Trainee: 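Provided herewith is a single structure, encoded as structure tokens, for subsequent inquiry.
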Amino acid sequence: FQIVNGEHESNLSNGVAQRYWPHILQLCVDSDASVRLQALHLVEVVLRQGLVHPMSCFPHLIALQADPTNNIQKLALRMLRHQRSRYPDFFDNQLSAGMQMMFEFCRVLAAFWVSSRCVSGWLDCKSNEKQCKDAPPSFHANEWECSHYYAVPLQFPQRCFQRSRT
């Protein structure tokens, strides 16, 4: 977002950000990790500048806790913690939408993983799951297991930290 004559062109950048915000958020849960990472960096900039309402990104940041790419998951968690500390009520209101989006994100990742392996002739995943040892957790887990595994630390971060120490 440009600076013109020493001042931010806020009307233009705000309009552009709000116009394309739903599309940017949808790119955060794309099947391609590089697209997700770039979209997440853009979300970080837009949130930092306060161009959109922060509640709109909570479901996507929650869904990205199931991301198999470590740096995407960590960045999303850092952003989620920061936004949650600033707006705890928004987080609570958006938790169920985030869980639902996490289910869909796990499905997208699993479908992408299967199609990329099966189309390339690597293996027939549907008939021979034993060979899919390196599949992401969302491929083997049902939706409840996937969401429960990633959501418990979001809801009770201190309890999970204490549990991991013992």
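Nothing fancy with the numbering, it's 1 onward along the sequence. Given the structure is predicted, the values throughout are model-derived calculations rather than measurements.
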Trainee: Look at the side-chain heavy atoms of Ile, Leu, Val, Met, Phe, Trp and Tyr, link any pair under 4.5 Å apart, and say whether Y20 and L42 land in one connected group.
Mentor: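 Linked, Y20 and L42 end up in one cluster.
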Trainee: Under 4.5 Å between side-chain heavy atoms, counting indirect links through other Ile/Leu/Val/Met/Phe/Trp/Tyr residues: same cluster for V46 and L27 or not?
Mentor: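 Cluster IDs for V46 and L27 differ.
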Trainee: Nearest heavy-atom pair of C28 and L40: which atoms, and what distance?
Mentor: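 It is SG-N, 4.0 Å.
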Trainee: Report the distance from atom CG of N71 to atom CD of Q73, rounding to the nearest 0.5 Å.
Mentor: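 It comes to 10.0 Å.
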Trainee: Please find the pair of heavy atoms, one from W21 and one from S56, that lie closest to each other, and give the distance.
Mentor: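 Heavy-atom minimum between the residues: NE1-OG, 2.7 Å.
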Trainee: Among residues at least two apart in sequence or on other chains, which ones pass salt bridge (charged side-chain N to carboxylate O under 4.0 Å, His left out) with R86?
Mentor: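 With neighbours one apart ignored, the set is empty.
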Trainee: Within the distance-only criterion (no hydrogens, no angle test), does the side chain of Q18 pair as donor or acceptor with the backbone N or O of V52 below 3.5 angstrom?
Mentor: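 Flag not set: sc Q18 to bb V52 has no pair under 3.5 Å.
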Trainee: Rounded to the nearest 0.5 Å, what separates atom CG in L37 from atom OG1 in T69?
Mentor: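 With rounding to 0.5 Å, CG (L37) is 8.5 Å from OG1 (T69).
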Trainee: Donor-acceptor pairs under 3.5 Å, side chain of residues 88-100 to any protein atom, not counting sequence neighbours: which ones?
Mentor:
| unit_1 | atom_1 | unit_2 | atom_2 | d |
| --- | --- | --- | --- | --- |
| N93 | ND2 | D89 | O | 3.2 |

Trainee: Taking side chain to side chain contact (heavy atoms under 4.5 Å, CB included) as the criterion, tell me which of L25, L75, L80, L77 meets it with L61.
Mentor: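 Single side chain to side chain contact (heavy atoms under 4.5 Å, CB included) partner of L61 among L25, L75, L80, L77: L80.
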Trainee: Please round to the nearest 0.5 Å and tell me the distance separating atom NE2 of H60 and atom CE of M79.
Mentor: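 Answer rounded to 0.5 Å: 11.5 Å.
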Trainee: side-chain hydrogen bond (donor to acceptor under 3.5 Å, both in side chains) with S34: which residues, sequence neighbours excluded?
Mentor: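 Partners of S34 under the side-chain hydrogen bond (donor to acceptor under 3.5 Å, both in side chains) test: D32.
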Trainee: Nearest 0.5 Å please: distance from the CE atom of M102 over to the CG atom of D67.
Mentor: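 It comes to 10.5 Å.
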Trainee: In Å and rounded to the nearest 0.5 Å, what is the CD1 to SG distance from I24 to C57?
Mentor: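 Output value for this atom pair is 11.5 Å.
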Trainee: Indicate, with yes or no, if Y87 and M55 share a hydrophobic cluster defined by side-chain heavy-atom contacts under 4.5 Å among Ile, Leu, Val, Met, Phe, Trp and Tyr.
Mentor: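 Yes, because M55 and Y87 connect within a single hydrophobic cluster, where side-chain heavy atoms sit under 4.5 Å apart.
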Trainee: Between L47 and P54, which heavy-atom pair has the shortest distance, and what is it?
Mentor: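 What the structure gives for the nearest pair is CD2-CA, 3.9 Å.
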Trainee: Do F112 and V35 share a hydrophobic cluster (ILVMFWY, side-chain heavy atoms under 4.5 Å, transitive)?
Mentor: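 No, separate clusters.
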